[in-house]
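Report on one structure; see the data block that follows.
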There are 2 protein chains.
Amino acid sequence: MTQSKTDLRVLRTRKLIMDSFIELSGQKEFKDITVKDITTEAMINRATFYYHFQDIYDLLEKVLSEVLLVDLNDSIYEKSELNEESIIRIFTAITNFQKSLSNRCHRGYEDTISRIIREHLEIVFYKMLLKQHNMKEDAALKTTAVILSWGIYGASVEWRKSSMDKSPEEFIKLSIPYIIFGITLDSKN
Amino acid sequence: MTQSKTDLRVLRTRKLIMDSFIELSGQKEFKDITVKDITTEAMINRATFYYHFQDIYDLLEKVLSEVLLVDLNDSIYEKSELNEESIIRIFTAITNFQKSLSNRCHRGYEDTISRIIREHLEIVFYKMLLKQHNMKEDAALKTTAVILSWGIYGASVEWRKSSMDKSPEEFIKLSIPYIIFGITLDSKN
DNA sequence: TTAGATTTGTCGTATATACAACACATTGAA
DNA sequence: TTCAATGTGTTGTATATACGACAAATCTAA
């Protein structure tokens with residue numbers, strides 16, 4: 001505890017490991033990536049890997065969180081208005097992310113990926129809802145955020161499954177009025 | 001002396017420093033690059049830099065050697081025939097290198113760069129000459145290698161000074177017959 | 001010129017990492 | 001099945017690196 005914040009070596013090593021994992025993810029499937037592969041690419045001793053991560057699934061989780069977090073933070077938080085534009089942005093960020101990373105991952109870890117994405121989405125939606133309604137805390141908004149996160153994530157799964165020919169934007173655009181104005185919206189509007 | 005060869009940390013650190021230096025060389029002039037800049041980019045403590053390199057000029061020298069060495073090794077050594085094709089390749093490697101790195105460097109260190117390039121060229125030419133003539137060692141070939149290294153390097157300087165509109169290939173091609181067959185070559189040939 | 005700021009190069013101490021070795025699990029071919 | 005090979009996770013010890021501090025050199029502006 002004599003060190004001030006975080007040792008530069010720690011930051012560097014974590015970055016090297018994560019970058020290498022992302023790099024390798026572009027070359028082969030998650031299930032074929034070994035700890036040795038990662039540490040070789042990162043020029044790190046294998047034992048050092050275990051100093052920072054419990055195992056390779058722990059690494060997966062942290063990389064996903066971090067990459068997602070950056071994607072979402074960059075494009076959304078500043079604006080902090082939950083409107084058509086920001087929903088499209090969030091949805092696009094997710095589909096981009098799925099195209100670039102989660103596709104490659106081992107079957108069976110889609111659950112992990114799905115959970116992480118939804119958790120982050122929930123946080124983002126909740127914060128935006130709070131600002132929009134000028135509130136400190138609210139159970140209704142929290143639940144609404146949960147619903148939105150599952151819903152939007154589900155839409156991205158559906159898009160990937162059956163509508164990758166459409167752009168994410170046009171896919172989600174149709175439903176946005178129902179999200180914003182509710183399901184009683186007059187469809188002739 | 002208990003370690004077998006070279007500590008992975010050493011290899012990694014050297015690579016990080018060199019890569020960072022090359023990266024920074026693309027962003028600003030050599031004379032504006034500080035040790036702090038490099039170590040920040042490399043995520044290395046400044047003191048560690050001095051553990052590996054005497055100073056920034058020592059780094060420059062080693063980076064130049066290494067980059068050049070790779071360029072020349074990759075494209076030439078395998079073939080090991082000193083003919084029109086390989087001379088063009090070597091000349092192109094040098095001009096590429098000059099375009100990418102040495103241009104950006106501080107005036108006054110062109111001498112260093114020039115020396116390093118010529119030293120490497122000399123080694124390459126000497127090895128190729130030895131193979132071509134099936135010899136073990138020979139003073140005449142050594143001197144010939146010196147002449148070739150200065151000559152080819154000088155040609156690259158001239159190209160840079162006055163003929164960058166031509167491709168390196170067409171620039172050097174005209175003189176290759178005189179190199180291969182000597183200055184008594186019948187020009188009508 | 002002077003004075004403030006930046007950069008260089010070095011040092012001692014604390015710690016993250018390398019290395020080698022280990023037992024155990026998983027895989028794949030005979 | 002069995003055996004060999006490969007991957008996982010852990011440990012103790014040696015060492016490269018981080019950190020903070022320092023004096024001296026170099027740069028910059030007033």
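From a predicted model like this one, the values you see are computed outputs, not experimental measurements. Labels below follow one simple rule: chain letters A, B, ... track the order of the sequence lines, proteins then strands, and each chain is numbered from 1.
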Quick one: [X] [atom1] to [N] [atom2], roughly how many Å, whole number?
X: B/Ile33; N: C/dT7; atom1: CD1; atom2: C1'; answer: 15 Å
X: A/Leu16; N: C/dT17; atom1: CG; atom2: P; answer: 10 Å
X: B/Lys15; N: D/dT17; atom1: NZ; atom2: P; answer: 15 Å
X: A/Asp32; N: D/dT8; atom1: CG; atom2: P; answer: 12 Å
X: B/Leu8; N: D/dA16; atom1: CG; atom2: P; answer: 12 Å
X: B/Asp7; N: D/dT17; atom1: CG; atom2: C1'; answer: 10 Å
X: B/Asp37; N: C/dT6; atom1: CG; atom2: P; answer: 13 Å
X: B/Arg12; N: C/dT17; atom1: CZ; atom2: C1'; answer: 7 Å

- Query: Do the ring planes of A/Tyr57 and A/Phe30 sit parallel (below 30°), tilted (30 to 60°) or perpendicular (above 60°)?
  - Reply: tilted

- Task: Evaluate side chain to side chain contact (heavy atoms under 4.5 Å, CB included) for A/Thr39 paired with A/Thr48, printing each intermediate quantity in order.
- Result: CA-CA 9 Å; A/Thr39 56; A/Thr48 306; over 6 Å; no

- Item | Check against side chain to side chain contact (heavy atoms under 4.5 Å, CB included), A/Ile117 and A/Leu64 | CA-CA 8 Å; A/Ile117 293 181; A/Leu64 292 180; over 6 Å; no

- Task: Please confirm whether any donor atom in the side chain of A/Arg9 sits under 3.5 Å from an acceptor in the base of C/dT17, or the reverse.
- Result: no

- Does NZ or CZ of B/Lys62 fall inside the cone over B/Phe53's six-membered ring, less than 6.0 Å from its centre and within 45° of the axis? no

- Output yes when a side-chain donor or acceptor of A/Thr13 lies under 3.5 Å from a complementary backbone atom of A/Val10, and no otherwise. no

- Give a yes or no on whether the backbone of A/Ile172 and the side-chain of A/Ser175 come within a donor-acceptor separation of less than 3.5 Å. no

- Message: Check this one for me: any side-chain N or O of A/Thr13 less than 4.0 Å away from OP1 or OP2 of C/dT17?
- Response: yes

- Message: Among residues 43-55 of chain A, which ones have heavy-atom contacts with DNA chain C below 4.0 Å?
- Response: A/Met43, A/Ile44, A/Asn45, A/Ala47, A/Thr48, A/Tyr51, A/His52

